[in-house]
Amino acid sequence: MSWEPELEELRRREALAKQMGGADKVKRQHDGGRLTVRERIDGVADPKSFHEIGAIAGKAAYDANHQLTDFLPANCVMGRATVDGRPVVVCGDDFTVRGGSADATIKEKPHLAENMAYELRLPLIRIIEGSGGGGSVKTIETTGRANLPGGQGTSSRFDLMARNLAHVPVVGLGLGSVAGLGAARLAASHYSIMTKETSAMFVAGPPVVKGIGQDLTKQELGGWKIQTRAGGVDDAVDTEEEAFERARQFLSYLPSSIDQMPPRGPVSDDPERRDPGLIDAIPRDPRRAYKMRPIVESVVDLGSFFEMGKMFGRSLITGLARIDGRPVALMASDPMHMGGAWTSESCQKLVRFVDMAETFHLPVVYLADCPGFNIGLEAEKAATIRHGVRAMAAVNQTTTPWCAIVVRNAFGVAGGAHLHVGRYCTRYAWPSGRWGSLPLEGGIEAAYRADIAAADDPAAELQSIEDRLNALRSPFRTAEAFWVEEIIDPRDTRPLLADFVRLAAHAGKPGPRSFGIRP
C-alpha cells in the first residue's frame, strides 16, 4: 500500500496554510496598501527560490473521528531562499493571522530562522509587521497565564538576535505597524527600512500611549519622518517593492558571514578615472559650505554609492560603495549641516557604521572635513563629548584597512579622529586642508586681545595677525614635519583609492572581531 493518502493530507494542509488568515484578512491587507507575507517573500527573493520550513505548523481543530476540521497557520513564514543567486534565510510575520501577536506564535519558527542563519552562516532578512511575536492584553486570557519577559519559553530570545549581529548580515523590513518586540527586531539589524505611508514603528502604539495623555496617530507617533530622523530606522521608501530592492542592494556589498570577505562586484568604471571638477570643489573661502555628495559620487564607481541613515546625524554621510568593484564603507563630512561638526547624533551614527565595517571586513574610506565637536548649550545637553568619546573609541578599535582624506578641516579632538592613531592607516590631504587645535576664526581675538587693543588700528592689526598665522598653517609646513604624509592633487583621489582597496583586499582577513567596552 502506498503512502499517497498521507501525501494528499500533507498537500491539503499546505494549501490551507497558504490561505493564511483567510480571504477576508488578505483583502484587508491589500486594501491597506500592503502585500501579504508570501507576496513579500516572493518580492525580495529570487523567483521560485523560496523553500519553506514548517509550512503546516499552526493550530488545528479535529472532530470526534480525529479528522481535521479547521486549521490556522502560525503567523510566521520562514525558510531559505536565494537573493541574486546567494543563499539567505527569510523570516516574515503574517499579519493576517491574529495581527502577528503572541496568540498565534509558534516561537520555535523565528528561533529556528535565527539559528539557521547563524549555523549556516547565511544573511538573514526579517520581514516585520505587528508585534513580531510579542504579546497583547488578550494573551493572558488565551494562555491562562502571564508570561515573565526574559523567562523560560520566552518568544523574544534576543540573545539569538544579538549573536547574529556579530556573525551574519541582518536586514529588517518594517512593512506595517511595528510595535514592541517587532520594533526591537527591526532595530536589531545592520540595515533597516520602512515604507513611508503604510508603516510605523513604536515601542507602544497609539492606544497604549493614549493612556499617558498623548493622543497621536500612528504616523505622528512613529512614522518614517520620526524614525529616520531619530535614527530608529535607517531609510524609508515609497513602496514595498523599493524596500525589497534596497534590501537586495545592501546585501550585495557584504559577505554572507564574517567567515568570508566582501564579494567583488563588476568592474564597470575605470579605476584610473580623474574628475577634473575636483580641483575647485572646495571653496577658497573657508566660511563657504559646499556639497560633499557629488565629491563622493565622483571618487567611487559610478552609481555605486548606497547611502544609509541620510536623515540622522546629518553632519556625517555614511554608506556603502564600490571602488574598482571592491566594496568599501564610506564616511564623509557634510559641511552643509553644522559645518560638518560632530554632533551627538553623528557620533552615534559613526559608532554603528564603523562597527558594521569592522564586523564584515569592509575597508573604510573617510573624506574628512570636521571643524571639531559641535559646541554650545544644546551640544552639552546632548552629551556630545560622551558620544564623541565612544566614536573615537570605535575608530581606534578598528583593525580593518582605513584610508582618510582630509579635504578641508581637521580641528580639535574630533578633527583628529579621522583615523586610528595607533596603527598604520593610509592618509592623504588635499591642498585645501586646514587643521590645528582650533580654527583661527574666532580664536585670534581672544588669543591676541592685548596686541589688538594696543594697536593704533585694531582692525588692521587683527588682519595682520590673521595673515601671518594663515601663512604658518599652510599644509606644506605640516608636510615638512611629516605630520601629514602626502598632499595630493584632488583629481588623483580615485586612482589612489583604487590602489588602496587593492592593498586592502590583499591584507584582509576573515573571521570574528572583538571590541573593548566603549566608554
Side-chain angles (χ1 to χ4, degrees), residues 1-32 34-42 45 48-81 89-116 126-148 151-157 160 176 180-182 185:
M1 178 180 289
S2 77
W3 292 92
E4 190 60 38
E6 284 78 10
L7 293 179
E8 288 181 5
E9 175 69 9
L10 174 61
R11 287 189 285 269
R12 178 192 174 201
R13 289 172 179 256
E14 289 174 340
L16 289 171
K18 290 182 179 179
Q19 294 177 11
M20 296 172 281
D24 58 333
K25 297 293 180 60
V26 170
K27 181 178 183 302
R28 182 178 178 182
Q29 188 83 354
H30 288 160
D31 289 347
R34 305 186 306 279
L35 300 175
T36 66
V37 63
R38 295 183 178 277
E39 292 167 334
R40 288 165 174 167
I41 291 174
D42 289 342
K48 298 181 179 180
S49 70
F50 180 57
H51 179 90
E52 187 171 358
I53 298 174
I56 63 172
K59 293 185 177 181
Y62 297 88
D63 61 19
N65 296 318
H66 304 289
Q67 297 299 307
L68 181 70
T69 59
D70 191 23
F71 177 74
L72 183 67
N75 63 359
C76 170
V77 178
M78 57 81 60
R80 58 183 181 270
V89 175
V90 184
C91 182
D93 299 331
D94 186 354
F95 196 73
T96 69
V97 180
R98 189 61 185 84
S101 74
D103 307 39
T105 295
I106 294 180
K107 60 181 180 295
E108 288 79 9
K109 291 192 75 175
H111 293 175
L112 179 62
E114 299 284 338
N115 270 319
M116 184 165 64
R126 299 192 192 110
I127 300 173
I128 305 168
E129 183 174 11
S131 61
S136 70
V137 174
K138 287 186 176 180
T139 304
I140 299 174
E141 188 170 23
T142 56
T143 62
R145 62 185 176 274
N147 296 330
L148 174 63
Q152 295 295 323
T154 181
S155 63
S156 64
R157 287 304 304 273
L160 302 180
L181 176 57
R185 293 174 62 223

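What you are looking at is a predicted structure, and each value in this text was computed from that prediction instead of being measured. Side-chain atoms are counted along with the backbone in the values below, which use heavy atoms only and exclude waters and symmetry mates.
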*NZ/K18 to CD1/I56 distance, rounded to the nearest 0.5 angstrom?*
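Atom-to-atom, K18:NZ and I56:CD1 are 12.5 Å apart.
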Side-chain polar contacts of residues 61-72 - donor-acceptor pairs under 3.5 angstrom, sequence neighbours left out - could you list them?
from, atom 1, to, atom 2, distance (Å)
Y62, OH, R13, NH2, 3.1
D63, OD1, N65, N, 2.8
D63, OD1, H66, N, 3.0
D63, OD1, Q67, N, 2.8
T69, OG1, A61, O, 3.1

*asked:* Run the side-chain contact (heavy atoms from CB on, under 4.5 Å) test on N75 and M20 for me, step by step, so that the C-alpha distance in whole Å, both residues' side-chain angles and the decisive distance to 0.1 Å come before the verdict.
replied: CA-CA 8 Å; N75 63 359; M20 296 172 281; over 6 Å; no
*asked:* Any salt bridge linking E9 with R12? Criterion: basic side-chain nitrogen under 4.0 Å from a carboxylate oxygen.
replied: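 Salt bridge: yes.
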Compare every heavy atom of [Y] with every heavy atom of [X], then report the nearest pair and how far apart it is.
X    : Y    : answer
A81  : A45  : CB-CB, 3.7 Å
K107 : H111 : O-CG, 3.1 Å
P110 : C91  : CA-SG, 4.0 Å

*With no hydrogens and no angle check, is any side-chain donor or acceptor of K109 less than 3.5 Å from a backbone partner on A74?*
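Side chain of K109 to backbone of A74, a donor-acceptor pair under 3.5 Å: no, none is there.
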State which residue, out of [options], fulfils the side chain to side chain contact (heavy atoms under 4.5 Å, CB included) condition with [X].
X    : options        : value
L112 : I53, V89, I106 : I53
V37  : D94, D42, V90  : D94
E52  : R38, E14, M78  : R38

*Partners of R34 by side chain to side chain donor-acceptor pair (under 3.5 Å), sequence neighbours excluded?*
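Result, side chain to side chain donor-acceptor pair (under 3.5 Å) vs R34: Q29, E129.
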_The criterion is side chain to side chain contact (heavy atoms under 4.5 Å, CB included); which residues satisfy it with K25, sequence neighbours excluded?_
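K25 satisfies side chain to side chain contact (heavy atoms under 4.5 Å, CB included) with T96 once adjacent residues are dropped.
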*So do the side chains of R126 and D93 get within less than 4.5 Å of each other, counting heavy atoms only?*
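They are not in side-chain contact.
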